[in-house]
Amino acid sequence: MAIVFKHGRNMHDALNIRANVFMVEQGFSYDFDVLDGNPEVMYITAYDDEAADPESPIGTTRIFPARLEQQFPEDMDAAPDAWAVGRIAVMPEARHGGLGSLLLRESERVAAENGASEMQLHAQVRAMPFYHANGYQEYGPYADDEGVPHQWMRKALQ
């Protein structure tokens, strides 16, 4: 696999992956929100340059300044220059090869280039070991999203 990341004009690819992973596979009723159309939101999509169709996306994330996230509880003490990462999704055929961690690192790199000192996310509790392995620590209360428990997590960026 030769992973290539794209940022910018890739929202369509990102939303297709999210629909497949979160709605079709995981059963969430709706995966899109008002942030998707915000011009400050960036989509990072991954492609396998060695695949039969190198233009077919295999993974995605969405990043943005955390101040845009209206769901952050007021007592979360978000750093003013914190960014949020979310909607991390990898197509089934590309899983278990480290692509999720690569997407997360690319998201952190791009956020740091844009002034972020901290990355925050709202993880499905079942995915917390993945985020722990990537340097994230939980904080704040658990929350429910369509019957799935979620936990706030964050990581200081270098």
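Below, all heavy atoms of this structure are taken into account, side chains as well, without hydrogens, waters or symmetry copies.
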Would you say the side chain of Ile3 lies within less than 4.5 Å of the side chain of Asp49, judging by non-hydrogen atoms?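 Of all side-chain heavy-atom pairs linking Ile3 with Asp49, none is under 4.5 Å.
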For a 4.5 angstrom cut-off between non-hydrogen side-chain atoms, does Gln124 reach Tyr131?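 Heavy-atom side-chain distance check fails, nothing below 4.5 Å.
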Salt bridge (charged side-chain N to carboxylate O under 4.0 Å, His left out) partners for Glu138, two or more places apart: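 Salt bridge (charged side-chain N to carboxylate O under 4.0 Å, His left out) check on Glu138 returns nothing, list empty.
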Set of residues satisfying salt bridge (charged side-chain N to carboxylate O under 4.0 Å, His left out) with respect to Glu55, sequence neighbours excluded: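 Applying salt bridge (charged side-chain N to carboxylate O under 4.0 Å, His left out) to Glu55 gives Lys6.
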Between [X] (side chain only) and [Y] (backbone N and O only), is there a donor and an acceptor less than 3.5 Å apart?
{"X": "His7", "Y": "Phe5", "result": "no"}
{"X": "Asp144", "Y": "Gly147", "result": "yes"}
{"X": "Thr60", "Y": "Ile44", "result": "yes"}

Contacts of type side chain to side chain donor-acceptor pair (under 3.5 Å), residue [X], not counting sequence neighbours:
{"X": "Asn20", "value": "none"}
{"X": "Asp48", "value": "none"}
{"X": "Ser101", "value": "Asn134"}

Got a sec, which pairs hit salt bridge (Lys or Arg N to Asp or Glu O under 4.0 Å) with one end in residues 107-116, sequence neighbours left out?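 Every pair satisfying salt bridge (Lys or Arg N to Asp or Glu O under 4.0 Å) with a residue in residues 107-116: Glu106-Arg109, Glu108-Lys155, Arg109-Glu113.
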Distance only, no hydrogens: is a donor on one side chain within 3.5 Å (strictly under) of an acceptor on the other, for Tyr43 and Thr45?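 No.
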Among side-chain atoms of Tyr47 and Asp53, is any donor-acceptor pair under 3.5 angstrom?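 Side-chain D/A pair, Tyr47 to Asp53: absent.
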At their closest point, which heavy atom of [X] faces which heavy atom of [Y], and how far apart are they?
{"X": "Ala89", "Y": "Leu103", "result": "O-CD1, 4.2 Å"}
{"X": "Val90", "Y": "Val21", "result": "O-CG2, 3.6 Å"}
{"X": "Ala51", "Y": "Pro54", "result": "O-CD, 3.5 Å"}
{"X": "Ser107", "Y": "Met119", "result": "O-CE, 3.4 Å"}
{"X": "Met91", "Y": "Pro57", "result": "CG-O, 4.0 Å"}
{"X": "Ile58", "Y": "Ala94", "result": "CB-CB, 3.9 Å"}

Evaluation steps, side chain to side chain contact (heavy atoms under 4.5 Å, CB included), between Phe130 and His132: CA-CA 6 Å; Phe130 166 77; His132 283 140; over 6 Å; no
Drop me the distance from [X]'s [atom1] to [Y]'s [atom2], to the nearest 0.5 angstrom.
{"X": "Asp81", "Y": "Arg67", "atom1": "CG", "atom2": "CZ", "answer": "11.0 Å"}
{"X": "Thr61", "Y": "Leu121", "atom1": "OG1", "atom2": "CG", "answer": "11.0 Å"}
{"X": "Arg87", "Y": "Arg62", "atom1": "CZ", "atom2": "CZ", "answer": "4.5 Å"}
{"X": "Glu40", "Y": "Ile63", "atom1": "CD", "atom2": "CD1", "answer": "11.5 Å"}

Side chain to side chain contact (heavy atoms under 4.5 Å, CB included) evaluation trace for Phe64 with Asn38: CA-CA 9 Å; Phe64 52 89; Asn38 189 304; over 6 Å; no
Go through it in stages, so that I can follow the logic: the residues are Gln137 and Met128, the test is side chain to side chain contact (heavy atoms under 4.5 Å, CB included), and I'd like the CA-CA distance, side-chain angles, deciding distance and then a yes or no. CA-CA 9 Å; Gln137 295 300 314; Met128 286 175 62; over 6 Å; no
Are Met42 and Val4 co-members of a hydrophobic cluster defined by side-chain heavy atoms under 4.5 Å apart?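 Per the 4.5 Å side-chain linkage, Val4 and Met42 are not co-clustered.
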Are Ile88 and Leu104 close enough, and set up right, to give a side chain to side chain contact (heavy atoms under 4.5 Å, CB included), and what steps lead you there? CA-CA 8 Å; Ile88 300 170; Leu104 199 52; 3.6 Å; yes
Measure up the Tyr139 and Trp152 rings against each other and bin them: parallel (under 30°), tilted (30 to 60°), perpendicular (over 60°).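 Rings of Tyr139 and Trp152: tilted, as their planes differ by 30° to 60°.
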